[in-house]
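Report on the structure given below.
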2 protein chains.
Amino acid sequence: MQQKKVEQLLKQHDIKPSYHRIKILSYLLEKKNHPTADMIYQELVKEIPTLSKTTVYNTLNLFVEKNVAIIITIDENETRYDADISLHGHFKCSSCGKIYDIRLNTAGIIPDELEKFQIDESHIYFKGTCPLCLKKALS
Amino acid sequence: MQQKKVEQLLKQHDIKPSYHRIKILSYLLEKKNHPTADMIYQELVKEIPTLSKTTVYNTLNLFVEKNVAIIITIDENETRYDADISLHGHFKCSSCGKIYDIRLNTAGIIPDELEKFQIDESHIYFKGTCPLCLKKALS
DNA sequence: TAATCAAATTTTAATGATTACAAATTTAAA
DNA sequence: TTTAAATTTGTAATCATTAAAATTTGATTA
Ligand SMILES: [Mn+2]
Ligand SMILES: [Mn+2]
Ligand SMILES: [Zn+2]
Ligand SMILES: [Zn+2]
């Protein structure tokens, strides 16, 4: 996505598109790798040597508050972020660590039992071994 | 559940049923409240003044390793434990903090997209406001 | 242009959950 | 009883995240 589009997206969500914010959102949108705050920091600090990790945290918290990104918690003590805010699932491979996006047929995903509950967020994820790592394990 | 049953359960999973382990597993089984390690500690230390928080952590890690309990991660930086190891979902109320068990019709819960993946764990949870808190909010 | 002000970023320090490690205690076997 | 192994404890370390205060940036106004 071009920078202009990213700026648009930020503005649409009431966020002033500062240099850092554009960089961080671009990272999320392009990499689609569900990174931790630290992964983003380690990558961007190469380009922006003055970057502070607190800025990464502040920015991600702002994104979540303004619904530009969501938090994915699959493993304990490891907060990850996703700029794809649509309802979709994830699979984390315990071997290579990659987190895959899983498209769900969202119909009938909400249990009847929750009829009287107000649902703000739905999360579905799986853990195991991905096909690539399964193949490697054979050889 | 009586103490004998709890001991049985531990033995079945290759865990020597020490006093502390029985207490901690009993807590999980009786309360069914998906507690944090600290919640368990705070409650049990009343009965067992010499209890160490490290023991609670060690024991919970052992339970997870031996499949007597599972880890539930709904909110970041808050690891919770559940002695119900069957496939079921959860709902956490953002208002009162309670975590509800949700029975799922497990049929067709695994997306076709994961056919070639080896799935070890499935997690489904929702966040929002529970009926009790919704009612309170009205008045 | 220069002064002003708020927002954004940085720096440093604090917090809190979890783990590491070694010592002490308990349990069970020899 | 002796000894070794397992369990528990206490303390310190680690690591992710947040808090607070200082600095910088960038727009706005005089
Ligand atoms: Mn995703
Ligand atoms: Mn449960
Ligand atoms: Zn893999
Ligand atoms: Zn509630």
Side-chain angles (χ1 to χ4, degrees), chain A residues 6-7 10-11 13-27 34-66 68-82 92 97 99, chain B residues 3 6-7 10-11 13-27 34-66 68-82 97 99:
Chain A
V6 177
E7 288 184 35
L10 286 169
K11 280 181 192 161
H13 289 261
D14 254 335
I15 299 174
K16 211 171 286 178
S18 74
Y19 178 73
H20 290 130
R21 289 166 178 173
I22 292 168
K23 281 291 184 184
I24 292 173
L25 183 51
S26 295
Y27 178 99
H34 313 89
T36 62
D38 192 61
M39 285 166 70
I40 299 172
Y41 172 76
Q42 295 302 339
E43 187 67 23
L44 292 187
V45 78
K46 293 175 190 167
E47 281 185 75
I48 316 164
T50 63
L51 181 65
S52 157
K53 199 180 279 188
T54 302
T55 298
V56 177
Y57 276 107
N58 287 342
T59 303
L60 290 169
N61 285 341
L62 182 67
F63 285 178
V64 170
E65 185 192 323
K66 298 290 191 181
V68 172
I70 56 173
I71 289 178
I72 307 287
T73 42
I74 295 183
D75 280 324
E76 326 81 76
N77 323 325
E78 191 182 74
T79 306
R80 289 169 173 271
Y81 297 86
D82 193 348
K92 177 166 184 182
I99 296 177
Chain B
Q3 175 150 331
V6 177
E7 287 184 35
L10 285 169
K11 280 180 193 162
H13 289 261
D14 252 334
I15 298 175
K16 214 171 283 179
S18 74
Y19 179 72
H20 290 130
R21 289 166 179 172
I22 293 168
K23 281 291 184 186
I24 293 173
L25 183 51
S26 295
Y27 178 99
H34 312 89
T36 61
D38 192 61
M39 286 165 70
I40 299 172
Y41 172 76
Q42 295 301 338
E43 188 67 22
L44 293 187
V45 78
K46 294 175 189 166
E47 281 186 74
I48 317 164
T50 63
L51 181 65
S52 158
K53 198 180 279 189
T54 302
T55 298
V56 177
Y57 276 107
N58 287 342
T59 303
L60 290 170
N61 286 340
L62 182 67
F63 286 179
V64 171
E65 184 191 323
K66 299 290 192 181
V68 172
I70 56 173
I71 290 179
I72 307 287
T73 42
I74 294 183
D75 279 324
E76 327 81 76
N77 323 324
E78 192 182 72
T79 306
R80 288 168 173 272
Y81 297 86
D82 192 348
I99 295 178

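Here the structure is a predicted model, which is why all the values come from computation and not from measurement. The sequence lines fix the lettering, A, B, ..., with proteins before strands; numbering per chain opens at 1.
For A:Ile22 and D:dT25, the CD1 to P distance is 17 Å, given to the nearest whole Å. The separation between B:Glu65 atom CD and C:dT18 atom C1' is 17 Å, rounded to whole Å. One interatomic measurement links the two molecules: NZ of A:Lys23 to P of C:dT10, which rounds to 14 Å at whole-angstrom precision. Atom CG of B:Asp75 is separated from atom P of C:dA17 by 13 Å (rounded to the nearest Å). Straight-line distance from the OH atom of B:Tyr81 to the P atom of C:dA17: 12 Å, rounded to whole Å. As a whole-Å value, the separation of A:Lys16 NZ from C:dA6 C1' is 8 Å. In this entry the distance linking OH of A:Tyr19 with P of D:dG26 reads 12 Å, nearest Å.
Residue contacts for B:Thr36: at a heavy-atom cut-off of 4.0 Å it reaches no nucleic acid atom on any strand shown.
More than 12 heavy atoms of other residues, nucleotides or ligands shown are found within 6.0 angstrom of CD on A:Gln42.
Near DNA chain D, defined here as any heavy-atom distance below 4.0 Å, the residues from residues 40-61 of chain B are B:Thr50, B:Leu51, B:Ser52, B:Thr54, B:Thr55, B:Asn58, listed numerically.
Two residues, B:Glu76 and B:His20, neighbour DNA chain D, and the one matched to the more 5' nucleotide by heavy-atom proximity is B:His20. Between B:Asn77 and B:Arg21, the residue whose closest nucleotide on DNA chain D is further toward the 5' end is B:Arg21.
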Can I get a per-line list of side-chain donor-acceptor pairs under 3.5 Å for residues 44-56 of chain B, giving both atom names and the distance, sequence neighbours left out?
{"from": "B:Glu47", "atom 1": "OE1", "to": "B:Lys23", "atom 2": "NZ", "distance (Å)": "2.9"}
{"from": "B:Ser52", "atom 1": "OG", "to": "B:Thr54", "atom 2": "N", "distance (Å)": "3.1"}
{"from": "B:Lys53", "atom 1": "NZ", "to": "B:Asp38", "atom 2": "OD1", "distance (Å)": "2.6"}

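The nucleotide whose nearest atom lies closest to any side-chain atom of A:Ser18 is, among C:dT9, C:dT18, D:dT7, C:dT9.
Contact check for B:Glu76 versus A:Glu76: no side-chain heavy atoms found under the 4.5 Å cut-off. B:Tyr81 places none of its side-chain heavy atoms less than 4.5 Å from the side chain of B:Thr59. A 4.5 Å side-chain heavy-atom check between A:Ile22 and A:Leu10 finds at least one atom pair inside the cut-off.
In this structure, the side chain of B:Arg21 engages the main chain of B:Lys16 through a donor-acceptor pair within 3.5 Å. In terms of modelled atom types and a separation under 3.5 Å, the side chain of B:Arg80 and the main chain of B:Ile72 share no donor-acceptor contact.
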